[in-house]
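First comes the structure, then the notes that go with it.
To find a chain, count down the sequence lines: A is the first, B the second, and so on, and within it residues start at 1. The structure presented is a predicted model; accordingly, all values stated were derived computationally and were not measured.
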2 protein chains.
Amino acid sequence: MERSQLLRGVLDVAVMAVIAERDGYGYDIQRRLTEAGFDGMGEATIYGTLRRLYRAGSLSSYSQPSDEGPHRRYYGLTDAGRRQLDDGRSAWTEFSDAVGRLLATQDDKEGVPA
Amino acid sequence: MERSQLLRGVLDVAVMAVIAERDGYGYDIQRRLTEAGFDGMGEATIYGTLRRLYRAGSLSSYSQPSDEGPHRRYYGLTDAGRRQLDDGRSAWTEFSDAVGRLLATQDDKEGVPA
DNA sequence: CGTGCTACCATGTGCAGCGAGGTAGTACTC
DNA sequence: GAGTACTACCTCGCTGCACATGGTAGCACG
């Protein structure tokens, strides 16, 4: 419930980063994110994000049969998606730097002044 | 609209970090956060966060008159708040490390010839 | 033919950041 | 003493999105 809030605004870029490395489908992307340290995410979160990014034009998609189960819907980055990923990277860097600086400040006070 | 999502889950800890440095009131906290790099936040965001944290028992509060305007409602950290801030710090570190690692992975496929 | 894995999708809920709008106190000017 | 501006607080309603829940379907093994 804590992480779910932190994920906001990062999930999109995280999914795109995974896809940038290699095209993937929902089930697979979830596993790869889990391995990357984002564990405990429900399927609805992934599929919702994929659909949103697809509708926004950041992802392309194609269907492919599988030997081990139902068909798979693969997603890949479009040019717009790649640009968006770059923007997200710098936005993240800037943001996390600001947070890092803020959290690094030591709590001087302990007793209330007045 | 992009930053608003990133703020989720971080605002609480950011506000607490600012207060840890020195007790503050809404208007003041907003300015201090702006100086820290979080600009463009509306008042409703700050006041909503303060009230939420206060209700949760993370903050204490006391009112004080001011020479330069209406009374000020100061907020300070409770022990629970200080603990929560520490937890938030480590949660943030862990999370931002994971994101950093993920975003650092290079997009291999790019120069892949047709 | 039941159990389990893979793989997809749709619906509903809750939370929180934020826009918009309102109320006061102080202070300066014209 | 009306107008403007800054300080300082509050409330209401909207919206976006992570997530829970629940459903469908293909493959495989016993």
Among [options], which is the nearest nucleotide to the side chain of [X]?
X	options	result
R3(B)	dA8(D), dA7(C), dC18(C)	dC18(C)
T45(B)	dG25(C), dC18(C), dA25(D)	dC18(C)
R31(A)	dA7(C), dG19(C), dA18(D)	dA7(C)
Q5(B)	dC8(C), dC18(C), dC17(D)	dC17(D)
A44(B)	dA20(C), dC10(D), dT7(D)	dA20(C)
D12(B)	dG26(D), dA8(D), dG17(C)	dG17(C)

Here's a test of your reading of the structure: between L11(A) and Y74(B), which maps to the more 5' nucleotide of DNA chain D?
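Going by which nucleotide is closer to the 5' end, it is Y74(B).
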Could you give me the CA-CA distance, side-chain angles and deciding distance for M16(B) and L77(B), then say whether side-chain contact (heavy atoms from CB on, under 4.5 Å) is met?
CA-CA 7 Å; M16(B) 286 191 289; L77(B) 284 182; 3.9 Å; yes
Respond yes when some side-chain nitrogen or oxygen of [X] is under 4.0 Å from OP1 or OP2 of [N], and no when none is.
X	N	result
R51(A)	dA10(C)	yes
Y27(B)	dC9(D)	no
S66(A)	dA7(C)	yes
Y47(A)	dC8(C)	yes
R52(A)	dA18(D)	yes
S4(B)	dG16(D)	no

Is there a donor-acceptor pair under 3.5 Å between the side chain of [X] and the backbone N or O of [Y]?
X	Y	result
R3(A)	D39(A)	yes
S63(A)	R73(A)	no
R72(A)	S66(A)	no

Note down the inter-axis angle between the two ends of the helix from dC1(C)-dG30(D) to dC30(C)-dG1(D), five pairs each, to the nearest 10°.
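Inter-axis angle at the termini of the helix from dC1(C)-dG30(D) to dC30(C)-dG1(D): 10°.
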Got Q84(B) and L53(B) here, is their nearest side-chain heavy-atom distance under 4.5 Å?
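A side-chain contact under 4.5 Å exists here.
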Can you pull the ring-ring contact (aromatic ring centres under 6.0 Å, His included) pairs that have at least one residue in residues 64-87 of chain B, sequence neighbours excluded?
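Residue pairs passing ring-ring contact (aromatic ring centres under 6.0 Å, His included), neighbours aside: Y25(B)-Y74(B), Y62(B)-Y74(B).
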Touch class at under 4.0 angstrom, heavy-atom based, for R8(B) against every strand present
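Base contact.
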NA contact type, D67(A), heavy-atom cut-off 4.0 Å: base, sugar-phosphate, or nothing?
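D67(A): backbone/sugar contact only, no base atoms under 4.0 Å.
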